[in-house]
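These notes concern the structure reproduced below.
These numbers come from the heavy atoms of this one structure, side chains and all, not from hydrogens, waters or symmetry mates. Every number for a ligand or one of its atoms is a count from 1 in the order of the listing. Heads up: numbering here begins at 1 and tracks the sequence.
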Amino acid sequence: MEGKEGRLRRNGREPRLSRRQKLVLAAVAAAVIIVAILGLGLGLGLKNRYGGGGDDSETEQPPAPQPTAIWQPAVNTSWQIILNSKLDIDPNNPAVEPDVEVYDIDMFMHRNTAVVSSLHKLGKKVICYFSAGSYEPNRPDSSRFPKQDIGAVLDGWPDEKWLNISSPAIREIMVGRLEMASKMGCDAVDPDNVDGFQNKNGLGLRPQDSISFMTFLADEAHKRKMAIGLKNAGDIVETLLPRMQFAVNEECAEFKACTIFSPFVEAGKPVFHIEYPEGAPFDTNPEQKEEYCNAPGAQGFSTILKAMNLNFGAEYCDGRQVRTKVLQ
Ligand SMILES: *[C@@H]1O[C@H](CO)[C@@H](O)[C@H](O)[C@H]1NC(C)=O
Ligand SMILES: *[C@@H]1O[C@H](CO)[C@@H](O)[C@H](O)[C@H]1NC(C)=O
């Protein structure tokens with residue numbers, strides 16, 4: 001077998017280094033590589049801790065201006081919610097339809113875009129949605145979730161699994177997500193899937209776990225001058241109402257349970273209420289629309305009729321249908 005030296009010699013060049021010098025050089029090179037890898041790992045780790053997570057940093061943005069007070073929306077505040085796509089707003093000439101007061105958008109989808117600041121320029125408030133109580137595989141921080149904190153699959157959402165929301169590791173990850181929302185300039189957060197105790201979760205979650213988790217998230221959000229809403233979780237409304245600035249509810253009319261959330265309205269806080277009637281939003285079943293828009297207990301709710309995938313379309317109870325421009 002011909003070695004390296006042999007080939008060098010055959011090419012007519014003398015090896016310049018002795019075998020021992022080469023060994024020393026190789027050792028130094030290996031040390032440099034190891035240090036570089038460790039440094040990179042540490043860098044990525046720190047980035048992940050703050051919810052960054054590497055990939056699409058196409059537009060590195062300066063930190064958004066921070067709110068000086070916690071936003072308290074009023075009852076009957078108008079809104080649109082889009083979670084399955086990115087809003088299409090030209091930051092240099094911002095415009096958005098419908099002209100509602102609040103947009104609830106997916107935080108991760110908008111983290112490297114100027115959508116939040118564009119909405120602010122238009123005088124809108126922004127609620128940033130993320131899942132706080134479920135594991136999702138393709139988020140930038142997904143690799144940080146410890147296996148032992150992941151429970152059963154969410155009914156109807158095969159990619160998502162319930163989380164042990166009492167675990168300090170999970171809470172730390174969620175603080176990272178709040179920090180990210182804060183850096184983006186979100187006025188509020190909409191942490192989803194905090195009602196594991198009302199579902200088959202595989203972790204033995206109890207109402208007390210959700211109360212404790214939402215109390216923790218509320219304190220962390222408020223420290224960052226962000227408002228927070230309670231998503232669904234009807235059983236714990238009474239306990240959490242004083243700490244929440246609003247509720248986000250899905251299908252209370254369908255389940256004839258809107259009175260459970262009406263204490264928010266009585267306390268002067270809005271209930272952002274979504275129903276999913278057949279054919280919504282552009283061919284809504286009229287009987288369902290009537291039933292959902294006039295549900296007992298839903299007086300004063302900010303009701304919106306949507307397709308289950310929470311796309312660009314919406315219908316309101318006054319019959320107005322809207323199409324928000326999104327990137328396809
Ligand atoms: C609720 O807001 C809508 C506009 O979004 C308005 O037309 C309606 O009058 C308001 N209702 C109350 C009771 O303020
Ligand atoms: C969830 O986390 C808490 C706190 O670390 C722990 O006491 C509990 O045993 C965990 N639950 C499960 C089902 O692993």
- Give the cluster check for Val100 versus Val96: same hydrophobic cluster or not, with ILVMFWY residues linked at side-chain heavy-atom distances below 4.5 Å. yes
- In terms of side-chain geometry, is the basic nitrogen of Lys231 or Asp104 positioned less than 4.0 Å from the acidic oxygen of its partner? no
- Against heavy atoms of Leu203, which atoms of ligand 2 measure under 4.0 Å? 13 (C)
- Number the atoms of ligand 2 from 1 as they appear, then name those within less than 4.0 Å of a heavy atom of Pro168, with their elements. 5 (O)
- Message: Using side-chain heavy atoms (C-beta onward) and a distance below 4.5 Å, is Tyr292 in contact with Ile274?
- Response: no
- Query: Should the pair Arg171 and Phe216 be classed as cation-pi, given the thresholds of under 6.0 Å to the six-membered ring centre and 45° from the axis?
  - Reply: yes
- Query: Is a salt bridge present between Arg243 and Asp219, judged by a nitrogen-to-oxygen distance below 4.0 Å?
  - Reply: yes
- Query: Applying a heavy-atom distance cut-off of 4.0 Å, which protein residues contact ligand 1?
  - Reply: Asn76, Ser78
- Query: Does the ring center of Phe108 lie less than 6.0 Å from the ring center of Phe130?
  - Reply: no
- Query: If we only count N/O pairs under 3.5 Å, is Asn164 in contact with ligand 2?
  - Reply: yes
- Gly204 near ligand 2 by a heavy-atom separation under 4.0 Å: no
- Can the positive tip of Arg139 be found less than 6.0 Å from the middle of the six-membered ring of Phe145, inside 45° of the ring normal? no
- Decide, yes or no, whether a salt bridge links Asp99 with Lys124 under the criterion of side-chain N to carboxylate O below 4.0 Å. yes
